[in-house]
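Counting convention: from 1, in listed order, for ligands and their atoms alike. When reading the values below, keep in mind they use all heavy atoms of this one structure, side chains included, and skip hydrogens, waters and symmetry mates.
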Amino acid sequence: MLGIEFVPDMPLNDLVNHCILAENQGFDAIWVTDHYNNRNVYATLALVAEKTKRVRLGPGVTNAYQIHPALTASAIATIDNISNGRAMLGIGAGDRTTLASLGIQMDKPVEKLKEAVEIIRRLLTGERLSFQGDFFRIEGAKLSLKCPEIPIYIGAQGPLMLRTASAIGDGVLINASHPLDFKYAVSQVQEGSPKAGFDIAAYASFSVDLDEEKAKKAVVPVVAFIVAGSPAPVLERHDIDSTDVDAIKSALAKGDFRTAFRSVTNLMVDAFSIYGSPDHCIRRIKELHEIGVTQVVVGSPIGPDVPTSIKLIGEEIIGEISF
Ligand code: F42
């Protein structure tokens, strides 16, 4: 399965046009990111649902710190209604920096997510729910619509979250691009005894163009931010030198993007993105599939020119992917 990620930081007309193009080019799924500073994820999804016919769609990913699970259940059920049953829900811990900027502390993310997912699932079945958890207390809540079939995907990178995703989810969205990271992640997911048909999605930073250098240039800024936010074990897995990482972090902290982007090494670009010609991207996607990945989500930046890259994926890549 091939999905695509859009960040609603652009005029919605543009985003919707990209989605229509992606659907016409044969993509199976559209994931819209959720950050309060961008256009609202459900308003965006409602518009995309209206203008598309076949693709599955959902937030990739929302969280239970900013939005109560009952509201998430109601919002995704509404998207399911508008799209005639095409909704999927991506939910994760939430972005630590974004939460901090709203004064929200991310305590016990795994336990909180488990409660949230249970509440969402039960409300989506139409149950009148009373629930006494450590984080949420609910007395006789009931939705006026029910959609028990909506698949729930968990955004996960850490070992505990990956194992939890396979225990409570229908799929997992793993923010990574390199086979080494997926060898590790898939082993963790398998430890959690995933149900049959569990979808392991690679939420990858992706840039495709006929000109490899152009593809690389487009992905470097994204990689700089990924490197700056990656935990030490992930950087060590790729033999990335901590002094190289510090150079990027301090430049980003000063707002010196030129220096930050110039400090991104080839090793970093290879570790944290899938980029280059269609043939190279096909090889990488196949490698991930051999490890156990069942959906690749083409994530930011997609390419130096988004519509051109979507067409290139439709014309040259999708036909070569058999899962
Ligand atoms: N975040 C957003 O805010 N918006 C997005 O649109 C978004 C998209 C997205 C897509 C794919 C994806 O994989 C992630 C995405 N994210 C997005 C980020 C997401 O919200 C999370 O920040 C990210 O997935 C967190 O990754 P993580 O699996 O590493 O989990 C964190 C919380 C972590 O530290 N996990 C550790 C682990 O091993 O899994 C363990 C944490 C732990 O042990 N917690 C315990 C507990 O109960 O939670 C106890 C600790 C305590 O507090 O005492």
Side-chain angles (χ1 to χ4, degrees), residues 3-9 15 29-45 57-67 69 72 75-76 88-102 104-118 133-136 152-169 171-178 181-182 184-189 191-192 199-206 222 225-226 228-235 237 272-273 288 293 295-300:
I4 189 162
E5 172 216 50
F6 290 107
V7 181
D9 60 355
L15 188 144
I30 289 173
W31 296 97
V32 176
T33 62
D34 184 7
H35 292 100
Y36 76 89
N37 51 308
N38 290 330
R39 285 146 184 89
N40 178 266
V41 64
Y42 294 106
T44 305
L45 285 166
L57 70 169
V61 300
T62 188
N63 69 76
Y65 286 98
Q66 283 166 274
I67 306 169
T72 296
I76 199 65
M88 337 170 264
L89 177 67
I91 184 164
D95 176 58
R96 208 176 280 276
T97 318
T98 310
L99 293 176
S101 71
L102 300 178
I104 302 170
Q105 211 191 335
M106 188 198 274
D107 60 335
K108 302 217 183 269
V110 176
E111 290 308 314
K112 187 157 183 163
L113 191 70
K114 279 190 199 165
E115 282 191 14
V117 169
E118 181 180 346
D134 291 332
F135 306 95
F136 300 104
I152 301 185
Y153 284 70
I154 311 296
Q157 276 77 239
L160 184 57
M161 197 64 103
L162 286 161
R163 292 196 296 269
T164 304
S166 57
I168 66 170
V172 62
L173 295 169
I174 303 168
N175 222 334
S177 304
H178 196 276
D181 295 314
F182 283 99
Y184 175 77
V186 169
S187 73
Q188 294 301 315
V189 167
E191 264 189 43
D199 189 13
I200 301 182
Y203 214 86
S205 174
F206 198 96
V222 180
F225 284 98
I226 296 174
S230 289
V234 174
L235 296 165
R237 192 179 295 147
F272 295 116
S273 72
L288 297 187
V293 167
Q295 176 178 173
V296 171
V297 181
V298 169
S300 300

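Nearest residue to atom 1 (N) of ligand 1 from Val172, Asp95, Asp134 is Asp95 (criterion: closest heavy atom). For atom 9 (C) of ligand 1, the candidate residues are Leu162, Val297, Val61; the nearest heavy-atom contact is made by Val61. Of the listed options Gly60, Gly94, Gly155, Gly94 places a heavy atom closest to atom 19 (C) of ligand 1.
Ligand 1 places these atoms under 4.0 Å from at least one heavy atom of Ala156: 13 (O), 24 (O), 28 (O). Listed by atom number, the atoms of ligand 1 under 4.0 Å from Met161 heavy atoms are 28 (O), 30 (O), 37 (C), 39 (O). Of all the atoms in ligand 1, the ones that sit under 4.0 Å from a non-hydrogen atom of Leu173 are 11 (C), 12 (C), 13 (O). Listed by atom number, the atoms of ligand 1 under 4.0 Å from Gln157 heavy atoms are 12 (C), 13 (O), 23 (C), 24 (O), 25 (C), 26 (O), 27 (P), 28 (O), 29 (O). Every atom of ligand 1 is numbered from 1 in the order shown, and the set under 4.0 Å from a heavy atom of Tyr203 is 10 (C), 11 (C). Each of the following atoms of ligand 1 lies closer than 4.0 Å to a heavy atom of Thr33: 6 (O).
When only non-hydrogen protein atoms are considered, atom 42 (C) of ligand 1 lies nearest to Leu160 CD2, 4.0 Å. Looking from atom 50 (C) of ligand 1 to the surrounding protein, the closest heavy atom is Lys108 CA, 4.5 Å. Given atom 32 (C) of ligand 1, the protein heavy atom at minimum distance is Pro109 CG, 3.5 Å. Closest to atom 27 (P) of ligand 1 among all protein heavy atoms lies Gly158 N, 3.5 Å. Nearest to atom 41 (C) of ligand 1 among the protein's heavy atoms is Val110 CG2, 4.1 Å. What sits closest to atom 34 (O) of ligand 1 on the protein, heavy atoms only, is Arg96 NH2, 4.0 Å. When only non-hydrogen protein atoms are considered, atom 47 (O) of ligand 1 lies nearest to Glu111 CG, 3.3 Å.
Atoms CG and CD, on Asn175 and Gln157 in that order, are 5.0 Å from each other to the nearest 0.5 Å. Atom CD1 of Ile104 is separated from atom CZ of Arg96 by 13.0 Å, given to the nearest 0.5 angstrom. With rounding to the nearest 0.5 angstrom, the CZ atom of Arg39 is 9.0 Å from the CG atom of Leu15.
Judged by distance alone, the side chains of Gln295 and Asp199 do bring a donor and an acceptor atom under 3.5 Å apart.
Distances from atom 15 (C) of ligand 1 to the protein include at least one heavy-atom value under 4.0 Å. In this structure, atom 11 (C) of ligand 1 has protein heavy atoms in its sub-4.0 angstrom surroundings.
Not a single heavy atom of Asn63 sits closer than 4.0 Å to an atom of ligand 1.
Of all non-hydrogen atoms in Leu173 and Gly60, the two that sit nearest each other are CD1-CA, 4.3 Å. Residues Ser101 and Tyr36 share a closest heavy-atom pair of OG-OH, 3.7 Å. Taking every heavy atom of both residues into account, Ala185 and Ile174 meet most closely at CB-CD1, 3.8 Å.
Looking at His35 against ligand 1, only its side chain comes within 4.0 Å, counting heavy atoms.
Below 3.5 Å of separation, one finds an N or O of Asp34 facing an N or O of ligand 1. In terms of polar-atom proximity, Met106 is not counted as a contact of ligand 1, lacking any N or O under 3.5 Å from an N or O of the ligand. Residue-to-ligand polar distances keep Gly92 apart from ligand 1: every N/O pair is separated by 3.5 Å or more.
Between Ile154 and Leu113 there is a side-chain heavy-atom pair separated by less than 4.5 Å.
Checking Thr33, Thr72, Val32, Ile76 one by one against Pro59, the side-chain contact (heavy atoms from CB on, under 4.5 Å) holds for a single residue, Ile76.
No donor-acceptor pair under 3.5 Å is formed between the side chain of Glu5 and the backbone N or O of Val297.
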